[in-house]
*Asks:* 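This is the structure, below, for whatever I ask next.
Everything numeric here is computed off the predicted structure, so don't read it as measured data. Quick note: numbers below take in every heavy atom, side chains included, and nothing from hydrogens, waters or symmetry partners. In each ligand, atom 1 is the first atom listed, and ligand 1 is the first ligand listed.
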Amino acid sequence: MPNVVVVGAQWGDEGKGRIVDWLAEKADVVARYNGGHNAGHTLVVDGKTYKLALLPSGVVRGKMGLIGNGVALDPEALLAEIERMAALGVAVTPDNLMIAETATLVLPVHRAIDAAQETLRRQPIGTTLRGIGPAYEDKVGRRGLRVCDLAEPDVLSDKLDALLQHHNAWFRGLGLDTLSKDGMLQRLLDIAPAILRFAGSVWQQLDMAHAAGKRTLFEGSQAVMLDIDWGSYPYVTSSSTVPAGAASGTGIAPSRVGHVVGVTKAYATRVGEGPFPTEIHGGPGNLLRERGHEFGVNTGRPRRCGWLDAAQLRQSVKVAGIDTLALTKLDILDGFECVQVCVGYEIDGRFFDFAPPGLAAQQSAVPVYEQLAGWSRPTRGTRSLAALPPEALAFIRFVEAQAGVPVSIVTTSPERDDTIVASDPFDA
Ligand code: IMO
Ligand code: MG
């Protein structure tokens, strides 16, 4: 049985949750492999809105959810989210959620470091301040705490000592308040049972699912342009957001990751700092923000808005091995007289069909646009390609030609069923 992985093809907030929700109908298992509660995945079903951060979006359909070892897991945030889901009528129990015992824990100390680092940076990144970056730093620094440590109080206590010794030296050196272990350890011991009831061997679960002929859907967080290796470094998140991250972040073999769906909006947004060549200040940018409700799910921050950057998309397709695209929020372009798509950049008088890595080059890149005709008949709520205005279809074909891969799914409103399926990724 083929698996599918859903990755963000831009700078995040492309509507991955919506696409995962749609695809989850045909999946047995939905697995998260990277990021933490910096993600904000929204789905709307029958007018009811579900905002997920750590839980795989498949839980809303009652599918088995897995949180892989590659996720940075804030135990408090997880428990709060499970409660919020319960209030919406979605029961999350050990029958439908498993957390990798080896997932990295995000602790209060990481939030404190995230805030301090952002204040100290000459050029802030504009992080979500959730402590995600510092938790991954500790993982790579080999001093991180993991879910399985919650089951071993002596190990937990020793590791917390070492962690705080390391970080308090930094806090002290900067004249900042240090953190004490006692309350932190006790709180972790108090909530340990509530977390450990979900802990298990995710890689084995995936192996069993494969052996039983079940389908797994991997739900990426963030996006290619926020990837630690492939994004506009240092304005990135701290994890591997690409399909390779699905393998290292869950224990599935790279050869079993399956069909890769890259999710892109019909325009572009970015939240936080960093290069964004097609950003529009004012005018149509404001219109896109208002019409697209472009405000962070988690942080409420207004997102920067601009035209679709097909040069960037082409690069994402290549480095993430995207097989087909899910094009979201097509309806937000309804009523624009013309639509611009960036096909490359001019930097120092030279044309580039990709973004060179240098920050100064990226910041000075002038987008080269192709102008396409807009459409006056709305696409909102359209459920078939044939029913789209010809100009909207021409826009889709143009994006396909630029990106070099076909569009498999188009969404025309936040509602689950306002979805056009050109080809089913699970049948690919
Ligand atoms: P989803 O999964 C959009 C951005 C932050 C910041 C940078 C680093 O909903 O698409 P971090 O807190 O991760 O260290 O912040 O990455 N960022 C996101 N932007 N969508 C997200 O997730 C994001 N997660 C992180 O704004 O620029
Ligand atoms: Mg989001």
Side-chain angles (χ1 to χ4, degrees), residues 5-21 30 32-44 49-57 67 70-74 77 81 104 106 110-118 121 123-140 218-242 245-246 249 262-265 268-276 279 292-305 316 320 326 328-329 414:
V5 52
V6 171
V7 298
Q10 300 174 298
W11 288 273
D13 305 324
E14 299 91 349
K16 294 178 290 293
R18 163 115 171 55
I19 298 300
V20 167
D21 171 60
V30 181
R32 279 277 304 267
Y33 61 86
N34 79 298
H37 65 311
N38 50 349
H41 296 180
T42 306
L43 14 153
V44 182
T49 302
Y50 303 83
K51 294 183 178 189
L52 300 150
L54 263 166
L55 291 169
S57 297
I67 295 182
V71 169
L73 186 116
D74 184 323
E81 190 173 330
T104 295
V106 181
H110 297 124
R111 274 196 299 279
I113 298 167
D114 206 347
Q117 283 180 339
E118 276 290 87
R121 280 185 182 111
Q123 305 282 343
I125 292 170
T127 74
T128 60
L129 299 176
R130 298 290 194 268
I132 306 299
Y136 281 122
E137 282 181 48
D138 276 343
K139 174 182 180 174
V140 177
F218 296 92
E219 176 175 3
S221 295
Q222 291 82 50
V224 181
M225 296 316 283
L226 292 175
D227 182 88
I228 187 72
D229 284 285
W230 299 107
S232 45
Y233 190 91
Y235 301 99
V236 294
T237 194
S238 300
S239 65
S240 177
T241 64
V242 292
V263 188
T264 175
K265 281 192 252 217
T269 65
R270 178 166 200 167
V271 60
E273 302 304 318
F276 182 12
E279 180 171 14
H293 306 290
E294 297 296 351
F295 297 89
V297 174
N298 270 322
T299 59
R301 292 182 289 176
R303 297 178 185 142
R304 301 155 68 193
C305 296
S316 289
T328 58
K329 291 188 148 180

*Asks:* Heavy-atom contacts with Trp11 under 4.0 Å: which atoms of ligand 1 show up? List them by number with element.
*Replies:*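 The list of qualifying atoms is 3 (C), 19 (N).
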*Asks:* Taking only heavy atoms of Val236, which atoms of ligand 1 are found under 4.0 Å from at least one of them?
*Replies:*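 Those atoms are 7 (C), 8 (C).
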*Asks:* Under a 4.0 Å N-O cut-off, is there an ion pair linking Lys329 with Glu294?
*Replies:*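 Here Lys329 pairs with Glu294 in a salt bridge, since their nearest N and O are under 4.0 Å apart.
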*Asks:* Of the non-hydrogen atoms in Trp230 and Val242, which two are nearest, and what is the gap between them?
*Replies:*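 Scanning both residues, the minimum pair turns out to be CD1-CG1, 4.2 Å.
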*Asks:* Using a 3.5 Å cut-off on N or O atoms only, is His41 in polar contact with ligand 1?
*Replies:*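 By distance alone, the answer is yes.
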*Asks:* State the atoms of ligand 1, each with its element, that fall below the 4.0 Å cut-off from a heavy-atom position in Ala39.
*Replies:*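 Matching atoms, with element in brackets: 1 (P), 2 (O), 9 (O), 22 (O).
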*Asks:* Report the C-alpha distance between Glu137 and Ile113 in whole Å, list the side-chain angles of each, state the deciding distance to 0.1 Å, and finish with yes or no for side-chain contact (heavy atoms from CB on, under 4.5 Å).
*Replies:* CA-CA 11 Å; Glu137 282 181 48; Ile113 298 167; 5.7 Å; no
*Asks:* Number the atoms of ligand 1 from 1 as they appear, then name those within less than 4.0 Å of a heavy atom of Lys16, with their elements.
*Replies:*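 Listed by number with element, the hits are 1 (P), 2 (O), 10 (O).
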*Asks:* Measuring only between side-chain heavy atoms, which start at C-beta, is Asn34 closer than 4.5 Å to Ser221?
*Replies:*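 Yes, their side chains come closer than 4.5 Å.
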*Asks:* If you measure only the distance, is there a donor-acceptor pair under 3.5 Å linking the side chains of Arg130 and Thr128?
*Replies:*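 Side chains of Arg130 and Thr128: no pair found under 3.5 Å.
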*Asks:* Hey, which atoms in ligand 1 end up nearer than 4.0 Å to a heavy atom of Ser221?
*Replies:*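 Answer, ordered by atom number: 2 (O).
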*Asks:* For Val271, take its heavy atoms, then give the atoms of ligand 1 lying under 4.0 Å from any of them.
*Replies:*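 The atoms of ligand 1 under 4.0 Å from a heavy atom of Val271 are 3 (C), 5 (C), 19 (N), 26 (O), 27 (O).
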*Asks:* Distance to 0.1 Å, residue and atom name: give those for the protein heavy atom nearest to atom 4 (C) of ligand 1.
*Replies:*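 Ranked first by proximity to atom 4 (C) of ligand 1 is Leu226 CD1, 3.9 Å.
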*Asks:* Tell me, which protein residue and heavy-atom name are nearest atom 23 (C) of ligand 1, and how many Å apart are they?
*Replies:*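 The answer is Gln222 CG, 3.6 Å.
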*Asks:* Got a second to check how far Thr42's OG1 is from Asp21's CG, nearest 0.5 Å?
*Replies:*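 Reported value, rounded in 0.5 Å steps: 11.0 Å.
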*Asks:* Within the structure, does Thr237 bring an N/O atom to less than 3.5 angstrom of an N/O atom in ligand 1?
*Replies:*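 Between Thr237 and ligand 1, an N or O pair is found under 3.5 Å apart.
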*Asks:* Report yes if Glu273 has an N/O atom closer than 3.5 Å to an N/O atom of ligand 1; otherwise report no.
*Replies:*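 Between Glu273 and ligand 1 (N or O atoms, distance only) the closest approach is not under 3.5 Å.
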*Asks:* Is there a donor-acceptor contact under 3.5 Å linking the side chains of Thr264 and Gln10?
*Replies:*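 Yes, Gln10 and Thr264 have a side-chain donor paired with an acceptor closer than 3.5 Å.
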*Asks:* Is there a donor in the side chain of Thr127 and an acceptor in the side chain of Asp114, or the other way round, less than 3.5 Å apart?
*Replies:*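 Note: Thr127 and Asp114 side chains meet the donor-acceptor criterion.
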*Asks:* For ligand 1, which is the ligand I care about here, please tell me if Asp13 has any N or O atom under 3.5 Å from one of the ligand's N or O atoms.
*Replies:*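 Min N/O separation from ligand 1 is below 3.5 Å for Asp13.
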*Asks:* Between Glu219 and His41, do the side chains contain a donor N or O and an acceptor N or O under 3.5 Å apart?
*Replies:*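 Short answer, yes.
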*Asks:* A quick test of your reading: do over 12 heavy atoms of other residues, nucleotides or ligands sit less than 6.0 Å from CZ of Phe295?
*Replies:*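 Atom CZ in Phe295 is crowded, with more than 12 foreign heavy atoms closer than 6.0 Å.
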*Asks:* Going by distance only, is there an N or O of Asp114 that falls short of 3.5 Å from an N or O of ligand 1?
*Replies:*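 No, no N or O pair falls under 3.5 Å.
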*Asks:* Go through ligand 1 atom by atom and flag the ones less than 4.0 Å from a non-hydrogen atom of Gly272.
*Replies:*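 Matching atoms, with element in brackets: 27 (O).
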*Asks:* So which protein heavy atom does atom 15 (O) of ligand 1 come closest to, and at what separation?
*Replies:*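 Nearest protein contact, heavy atoms only, for atom 15 (O) of ligand 1 is Thr127 CA, 3.4 Å.
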*Asks:* Out of Thr128, Asn298, Ile228, whose heavy atom sits nearest atom 12 (O) of ligand 1?
*Replies:*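 Selected option, by shortest heavy-atom distance: Thr128.
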*Asks:* Could you tell me which atoms of ligand 1, counted from 1 in the order shown, lie closer than 4.0 angstrom to a heavy atom of Gly126?
*Replies:*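 So the answer, numbered in order with elements, is 5 (C), 6 (C), 26 (O), 27 (O).
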*Asks:* Within less than 4.0 angstrom of ligand 1, does Arg303 place any heavy atom?
*Replies:*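 In this structure, Arg303 fails to qualify as a contact of ligand 1 - no heavy atom is under 4.0 Å.
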*Asks:* May I ask you to check if ligand 1 and Asn38 share an N or O to N or O distance below 3.5 Å?
*Replies:*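 Yes, there is a polar N/O contact under 3.5 Å.
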*Asks:* Under a plain distance cut-off of 3.5 Å, with no hydrogens placed, do Gln222 and Thr241 share a side-chain donor-acceptor pair?
*Replies:*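 No pair is found: no donor N or O on one side chain lies under 3.5 Å from an acceptor on the other.
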*Asks:* Distance to 0.1 Å, residue and atom name: give those for the protein heavy atom nearest to atom 9 (O) of ligand 1.
*Replies:*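 So the nearest neighbour among protein heavy atoms is Gly40 N, 2.9 Å.
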*Asks:* Calculate, to the nearest 0.5 Å, the distance between atoms OG1 and CG belonging to Thr237 and Asn38 respectively.
*Replies:*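 The CG atom of Asn38 is 4.5 Å from OG1 of Thr237, to the nearest 0.5 Å.
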*Asks:* Checking one value in my table: which N/O/S atom of Asp13 lies closest to the Mg ion (ligand 2)?
*Replies:*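 Relative to the Mg ion (ligand 2), the closest nitrogen, oxygen or sulfur of Asp13 carries the name OD1.
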*Asks:* Would you say Arg270 and Ser232 are linked by a side-chain donor-acceptor pair, where the criterion is simply a distance under 3.5 Å?
*Replies:*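 A donor-acceptor contact under 3.5 Å links the two side chains.
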